[in-house]
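What follows is a single structure, written as structure tokens, with notes after it.
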Amino acid sequence: MTECPVCERGQLEDFQVVKSQQYLRCQVCEATLLAQACRLSASEERAIYDFHENETEDPGYRKFLSKLTEPLLESLEPGMAGLDFGCGPGPALAGMLTEAGMAMSLYDPFFHDSAQALEREYDFLTCTEVVEHLHQPAQVFRQMDGLLKPGGWLGVMTCFQTDDARFANWHYRRDPTHVVFYREHTLAVIADQLGWELVVPRKDVALFRKAGTRKAH
């Protein structure tokens with residue numbers, strides 16, 4: 001038995017095998033994970049990311065990102081400091097938030113590996129289409145907690161896994177860089193462990209708020 005790297009409480013059990021790809025399920029947080037032996041190497045993963053074409057000014061892509069920015073901005077004030085965590089090669093989200101009056105920084109282990117960006121605290125973090133790639137999710141969520149000021153917000157966007165019967169043919173599963181899939185319950189377990197509040201304002205979007213009182217700007 002292997003400890004779940006998402007909640008670090010449950011044990012992973014066999015879930016499904018899809019075309020030789022083995023998937024495991026945590027019985028505590030209900031996360032679904034691709035078995036370690038089936039995962040890509042870092043160089044193979046990077047090669048796939050290099051083919052992504054997310055144009056920062058593409059209207060369709062901006063509309064997609066607005067699923068997160070619109071509810072998040074309702075809780076922010078102009079001039080707040082934010083970090084786009086896992087921003088990728090074309091940080092369109094950071095650009096949209098800059099246009100909304102925020103002071104944005106960038107971090108991505110492949111494309112913006114800035115140690116300086118990880119040495120301060122922020123009023124909010126964004127993490128869009130990132131958490132499904134994490135090989136050690138609990139460690140990264142703790143890292144993001146440490147980057148947030150008291151009362152700060154973390155906005156996460158990922159496709160929630162809801163229907164086990166459709167898992168094998170689910171488009172999100174077929175991306176070979178996606179190694180962990182979250183249910184809303186999974187995110188609630190993460191929030192509980194870190195002492196965060198969780199709001200799910202719309203499909204596939206989670207807003208976490210760190211405990212504490214935010215200082216006035």
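Position 1 is the first residue of the sequence; numbering continues from there. Heavy atoms only: backbone and side chains are in, while hydrogens, waters and symmetry mates are out.
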Working to the nearest 0.5 Å, report the span between CG of Leu147 and OG of Ser105.
-> 10.5 Å
CZ-CG distance between Phe141 and Leu187, expressed to the nearest 0.5 angstrom | 6.5 Å
From OG1 (Thr177) to CD (Glu44), nearest 0.5 Å = 12.0 Å
Roughly how far apart are Gln16 CD and Tyr23 OH, rounded to 0.5 Å?
-> 9.0 Å
Is there side-chain contact between Leu40 and Ile48, with at least one heavy-atom pair below 4.5 Å?
-> yes
Answer yes or no: are there more than 12 heavy-atom neighbours, outside Glu99 itself, under 6.0 Å from its atom CD?
-> yes
Measure the shortest side-chain to side-chain distance between Thr126 and Leu68 over non-hydrogen atoms and say whether it is less than 4.5 angstrom.
-> yes
Given the rule in the side chain to side chain contact (heavy atoms under 4.5 Å, CB included) test, do Ile190 and Arg142 qualify, once you have shown the distances and angles that lead to the verdict?
-> CA-CA 10 Å; Ile190 293 169; Arg142 283 195 293 269; over 6 Å; no
For the pair Arg9 (side chain) and Val28 (backbone), establish whether a donor and an acceptor sit closer than 3.5 Å, ignoring hydrogens and angles.
-> no
Under the side chain to side chain donor-acceptor pair (under 3.5 Å) rule, what do Tyr182 and Glu132 come out as? Steps first, then yes or no, please.
-> CA-CA 8 Å; Tyr182 304 76; Glu132 63 275 7; over 6 Å; no
What about Leu76 and Leu106, same hydrophobic cluster or not, with Ile/Leu/Val/Met/Phe/Trp/Tyr joined at side-chain heavy-atom distances under 4.5 Å?
-> no
Would you say Ser114's side chain and Tyr107's backbone share a donor-acceptor pair under 3.5 angstrom?
-> no
Pair Arg183 + Asp164: basic N to acidic O under 4.0 Å = yes
Is the backbone of Gly88 close enough, under 3.5 Å, to the side chain of Asp108 for a donor and an acceptor to pair up by distance?
-> yes
Same cluster or not: are Leu24 and Val17 linked, directly or through other Ile, Leu, Val, Met, Phe, Trp or Tyr residues, by side-chain heavy atoms under 4.5 angstrom apart?
-> no
Is Gln27 reaching over with its side chain to a backbone N or O of Leu12, donor-acceptor style, under 3.5 angstrom?
-> no
What do the steps show when you test Leu148 against Met144 for side chain to side chain contact (heavy atoms under 4.5 Å, CB included), and what is the final call?
-> CA-CA 7 Å; Leu148 281 173; Met144 291 192 288; 5.8 Å; no
Would you sort out whether Glu70 and Arg202 count as a salt bridge (charged side-chain N to carboxylate O under 4.0 Å, His left out), showing the intermediate values?
-> CA-CA 10 Å; Glu70 288 177 357; Arg202 56 185 68 180; 3.3 Å; yes
To the nearest 0.5 Å, tell me how far His185 NE2 sits from Asp192 CG.
-> 9.5 Å
Do Leu65 and Leu207 share a hydrophobic cluster (ILVMFWY, side-chain heavy atoms under 4.5 Å, transitive)?
-> yes
Determine, for Phe181 and Arg25, whether the Lys NZ or Arg CZ falls below 6.0 Å from the six-membered ring centre while staying within 45 degrees of the axis.
-> no
Nearest-0.5 Å distance, CZ of residue Phe124 to NZ of residue Lys210 | 15.5 Å
Please report the C-alpha distance between Tyr122 and Met104 in whole Å, then the side-chain angles of each, then the deciding distance to 0.1 Å, and finally whether the side chain to side chain contact (heavy atoms under 4.5 Å, CB included) criterion is met.
-> CA-CA 9 Å; Tyr122 297 89; Met104 296 301 299; over 6 Å; no
So, the side chain of Arg62 versus the backbone of Met96: is there a donor-acceptor pair under 3.5 Å, distance only?
-> no
Parallel, tilted or perpendicular for His178 and Tyr172, by the 30°/60° rule?
-> tilted
Pairwise side-chain contact, Phe64 with Met157, heavy-atom cut-off 4.5 Å (strictly under) = yes
Less than 4.5 Å apart, any side-chain heavy atom of Lys203 and any of Glu184?
-> no
Below 4.5 Å, heavy atoms only, C-beta onward: do Leu154 and Phe85 meet side chain to side chain?
-> no
